[in-house]
There are 4 protein chains.
Amino acid sequence: MPRPSNTAERRTQITQGFIKIMAKRGYDGASIGDIAKAARLTAGLVHYHFKSKHEIRLAALHDLVAQHGERLEARIAQTKGDPIIELDALIDFHLGLGANADPEALACWILFSGEALRDTRVRSAFAKALASIARRISMVIRQGVAQGLFEGPSPDAAASALVATIQGYFVLAATSREVIPRGSAADCAKQMMTGLLHPARPLGRSQGRT
Amino acid sequence: MPRPSNTAERRTQITQGFIKIMAKRGYDGASIGDIAKAARLTAGLVHYHFKSKHEIRLAALHDLVAQHGERLEARIAQTKGDPIIELDALIDFHLGLGANADPEALACWILFSGEALRDTRVRSAFAKALASIARRISMVIRQGVAQGLFEGPSPDAAASALVATIQGYFVLAATSREVIPRGSAADCAKQMMTGLLHPARPLGRSQGRT
Amino acid sequence: MPRPSNTAERRTQITQGFIKIMAKRGYDGASIGDIAKAARLTAGLVHYHFKSKHEIRLAALHDLVAQHGERLEARIAQTKGDPIIELDALIDFHLGLGANADPEALACWILFSGEALRDTRVRSAFAKALASIARRISMVIRQGVAQGLFEGPSPDAAASALVATIQGYFVLAATSREVIPRGSAADCAKQMMTGLLHPARPLGRSQGRT
Amino acid sequence: MPRPSNTAERRTQITQGFIKIMAKRGYDGASIGDIAKAARLTAGLVHYHFKSKHEIRLAALHDLVAQHGERLEARIAQTKGDPIIELDALIDFHLGLGANADPEALACWILFSGEALRDTRVRSAFAKALASIARRISMVIRQGVAQGLFEGPSPDAAASALVATIQGYFVLAATSREVIPRGSAADCAKQMMTGLLHPARPLGRSQGRT
DNA sequence: GATGAATGAGGCTTCATTCAT
DNA sequence: TATGAATGAAGCCTCATTCAT
């Protein structure tokens with residue numbers, strides 16, 4: 001009569017702990033001991049649930065991406081149907097008011113971009129995540145084009161540009177907030193997309209700031 | 001009678017070695033031994049010229065920023081006078097053909113954004129560098145506005161947006177190149193700036209790609 | 001289910017190893033590796049049980065003092081009641097026959113006096129130990145005074161003088177034995193205390209030597 | 001036409017610097033660099049004048065002892081003739097007012113006692129110094145005995161006891177001053193010597209303190 | 001599942017000493 | 001004499017990982 005498995009629980013505990021520590025000290029600075037402490041577990045147990053530190057990193061990245069995806073879909077779900085509003089919501093979601101409510105996730109995301117440079121598996125997970133968002137945006141744009149709301153050459157290029165802008169604003173927000181005039185991020189991003197897509201109706205004023 | 005000082009040379013040797021290694025393995029992954037080897041020196045000597053690894057990191061960041069600044073100015077020098085051409089050149093410099101001729105510097109730059117999250121001195125140097133570029137761009141925009149070539153609300157916000165876009169493209173280029181349709185970066189950035197500034201004349205077609 | 005803790009054992013193992021090595025090579029000369037070897041452990045494990053080399057030093061000093069205290073009390077316990085005999089025993093314990101049966105402890109004690117000069121925590125532990133012995137002696141003297149066996153001004157001063165003499169003989173014994181005429185230490189100390197306290201009965205002839 | 005040698009000068013500069021640093025950080029803690037800085041020289045030059053760090057240590061000990069000897073003789077010179085006054089002066093010199101005017105020398109002396117434990121040459125120099133003082137004291141006592149001023153068994157034992165007491169007070173003064181009641185050291189030492197030598201006239205009240 | 005001991009490798013740094021100038 | 005560069009050897013400590021219980 002073995003005790004019921006709690007591996008799933010433990011694994012999230014651990015990845016959450018990992019994220020907390022990594023946000024503060026970076027990947028190499030996050031020792032298994034620290035992670036364990038943050039997860040209120042012991043170091044030995046961490047290795048019972050994960051084969052190696054590297055696996056924790058991958059799992060954490062996975063969690064981060066999954067959570068982001070869910071939240072994004074939740075936010076956009078309400079806008080189904082109108083590409084302009086959807087694009088608008090998408091930008092606000094990333095750059096509008098309260099966009100960076102989760103600074104640890106933001107920090108980790110930036111750190112993962114660095115990890116992607118030296119680890120193949122991180123790179124591919126990271127790239128996949130970016131590609132997925134780009135695809136999501138591209139889809140919206142295509143719909144807009146199909147409905148005659150947008151014009152412009154390549155939806156993929158435009159999507160890619162928006163992803164880049166968002167990613168860049170993330171970096172600025174996390175490292176050099178003072179470079180971003182208060183509240184300008186979402187608005188500027190929208191105007192930039194206007195330049196790319198010439199929408200039939202203007203993208204809405206942002207109700208927030210970054 | 002004493003041996004002439006060669007500290008300056010040695011220090012650049014070391015920071016260059018550091019950059020090479022850090023690009024490949026990250027900051028923590030760059031051991032003093034590796035750095036020394038890359039600089040063709042002994043590990044002990046590295047500490048003779050730098051008080052600590054951290055100092056090397058700061059010096060390397062400093063070098064990187066200085067070099068970028070010089071190259072940027074050299075590129076823009078030829079365009080003096082016309083804000084539109086200057087903005088154009090500025091975008092091409094960062095995102096146009098051959099923009100990423102120095103992949104090691106690019107990788108380090110991204111890694112430094114991560115380091116900025118956990119180290120105050122890196123953060124301030126990094127932020128200062130970004131701010132300096134933003135200021136540079138802002139100046140150009142102001143000139144354009146003064147000459148009636150640009151219109152639009154805040155030059156600072158627009159500059160910040162361009163910096164974000166460039167930074168974001170850097171990340172994509174280094175980690176997820178496949179997300180950027182070939183050659184779209186500079187063009188998209190220009191169209192985005194068009195959306196922000198409504199230039200009297202169109203920003204030029206890019207002659208390159210990212 | 002977990003392995004039972006053996007930290008206490010390990011810690012004494014380590015402090016004992018430390019004392020052995022320190023006696024031979026001094027504090028700085030006692031490398032963690034050497035200490036580990038002397039304790040038949042690995043270097044890594046030493047740091048598992050002690051946060052730093054400095055903590056080992058403090059623990060060792062603590063052990064040394066505790067052991068000395070126990071032995072002293074054991075020796076004196078038999079004399080309870082008669083201050084003269086107790087003082088006599090106290091001197092014999094420190095300077096009489098077989099007093100320096102533990103040359104490693106003696107060496108470490110002297111080395112600790114040096115360490116006390118540059119480390120606050122060592123100093124305070126060292127001073128506390130000396131003060132405790134002085135207090136012990138002072139108490140005996142007060143009893144003697146109360147019983148009309150001793151006369152003389154300050155019991156504290158006399159106690160302090162005896163502590164100094166003992167400490168000084170320790171140094172001589174460990175570094176310059178030839179300066180001490182065979183067997184003279186305890187006897188001289190007793191006559192010196194006679195000069196200070198004018199005891200009703202003479203302090204006994206020592207049965208040993210230093 | 002070689003420049004005039006300044007080796008002697010330099011060597012004292014260096015030993016003085018050494019003493020300053022060693023007093024603060026111990027022998028191992030005194031790096032050649034620190035010593036050089038304290039002597040306002042460069043590290044390389046230190047090795048030009050001394051073959052090794054160890055030689056500096058010996059030279060410094062030698063200087064210390066020489067200086068102590070000179071000062072002691074100067075102080076005692078005035079008392080020539082009367083053993084009681086001379087003994088008195090000798091005790092005051094070591095334990096009386098202003099005795100520890102040179103705390104660096106005191107600290108080094110204590111540290112040297114530790115070094116003596118692990119280095120043969122230090123030990124022999126240290127022991128020689130102690131023996132020399134003991135001999136000096138012994139001489140005075142013998143004179144006193146010859147003049148019928150002192151009585152008691154072994155002048156050597158008494159001398160040794162006084163040396164021990166002084167040395168012990170040094171340790172207490174440097175590490176645990178609070179254990180010594182203000183001003184009691186010299187007085188107690190004198191009464192102790194009274195106990196050992198039964199002088200015809202009392203040893204004088206000390207005019208100082210320790 | 002869980003704990004805590006244990007290992008062994010490796011990293012940063014310090015430093016005495018040597019050497020070219 | 002004097003300087004400052006250079007070397008190479010340790011040393012302390014951290015840590016991912018394994019293992020006995």
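Numbered from 1 within each chain, the chains take letters A, B, ... in sequence-line order. For clarity, every value in this text was computed on a predicted model and none was experimentally measured.
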- Item | Interatomic distance, C:Y27 OH vs F:dG11 P [rounded to whole Å] | 13 Å
- Note on the structure: Separation of F:dA6 atom C1' from B:E9 atom CD, nearest Å, is 14 Å
- Heavy-atom closest pair, residues D:I110 and D:A174: CD1-CB, 3.4 Å
- Query: Rounding to a whole Å, what distance do you find between D:R57:CZ and E:dT17:P?
  - Reply: 11 Å
- Query: Mind checking what makes ring pair (Phe, Tyr, Trp, His ring centres under 6.0 Å) contact with C:H47, not counting sequence neighbours?
  - Reply: none
- note: C:I14, atom CD1; E:dA6, atom C1'; distance rounded to Å ~ 12 Å
- Message: Both D:G44 and A:R40 contact DNA chain E. Which one's nearest nucleotide lies toward the 5' end?
- Response: A:R40
- Message: Whether C:T42 contacts E:dT7 is assessed here as follows: a side-chain N or O lying under 4.0 Å from the phosphate OP1 or OP2. Is that the case?
- Response: yes
- Note on the structure: Taken in chain and number order and not counting sequence neighbours, the residues that satisfy side chain to side chain donor-acceptor pair (under 3.5 Å) with A:E104 are none
- Note on the structure: side chain to side chain donor-acceptor pair (under 3.5 Å) filter on A:H49, not counting sequence neighbours, yields none
- Query: Taking only side-chain nitrogens and oxygens of B:T7, does any of them come within less than 4.0 Å of OP1 or OP2 of F:dA5?
  - Reply: yes
- Message: Distance check needed: F:dA10 C1' versus C:I35 CD1, whole Å only.
- Response: 14 Å
- According to a strict under-4.0 Å criterion, is A:N6 in side-chain N/O contact with OP1 or OP2 of E:dG1? yes
- Note on the structure: Residues of residues 46-54 of chain B with a heavy atom under 4.0 Å from any atom of DNA chain F, listed by number, are B:Y48, B:H49
- E:dA5 phosphate, OP1 or OP2, under 4.0 Å from C:S5 side-chain N/O: yes
- Hey, could you give me each pair passing salt bridge (charged side-chain N to carboxylate O under 4.0 Å, His left out) that has a residue in residues 34-45 of chain C? Not counting sequence neighbours. C:R25-C:D34
- Set of residues satisfying salt bridge (charged side-chain N to carboxylate O under 4.0 Å, His left out) with respect to D:R118, sequence neighbours excluded: D:D28, D:E115
- Message: Does A:A36 reach a base, just sugar-phosphate, or nothing at all? Heavy atoms under 4.0 Å.
- Response: nothing
- Within 45° cone and under 6.0 Å: B:R57 NZ/CZ vs B:Y27 ring: yes
- Note on the structure: Residues at least two apart in sequence or cross-chain that pass ring pair (Phe, Tyr, Trp, His ring centres under 6.0 Å) with B:F112, listed by chain then number, are none
- Quick note, salt bridge (charged side-chain N to carboxylate O under 4.0 Å, His left out) partners involving residues 43-56 of chain C, not counting sequence neighbours, are C:E55-C:R121
- Note on the structure: Checking B:L111, B:L64, B:I35 against B:I19 for side chain to side chain contact (heavy atoms under 4.5 Å, CB included), the one that qualifies is B:L64
- Query: Considering heavy-atom distances to DNA chain E, does A:L45 or D:D34 have its closest nucleotide positioned more toward the 5' end?
  - Reply: A:L45
- Query: Tell me: NZ of D:K37 to P of F:dG4, nearest whole Å?
  - Reply: 12 Å
- Message: Using OP1 and OP2 only, check whether a side-chain N or O of C:R10 sits under 4.0 Å from E:dA6.
- Response: yes
- How many Å lie between CG on D:D28 and C1' on F:dA10, as a whole number? 13 Å
- Query: In whole angstrom, what separates B:L41's CG from F:dT7's P?
  - Reply: 7 Å
- Per the 3.5 Å Watson-Crick/G-U criterion and a run length of at least three, the stems involving DNA chain F are E:2-21 with F:2-21
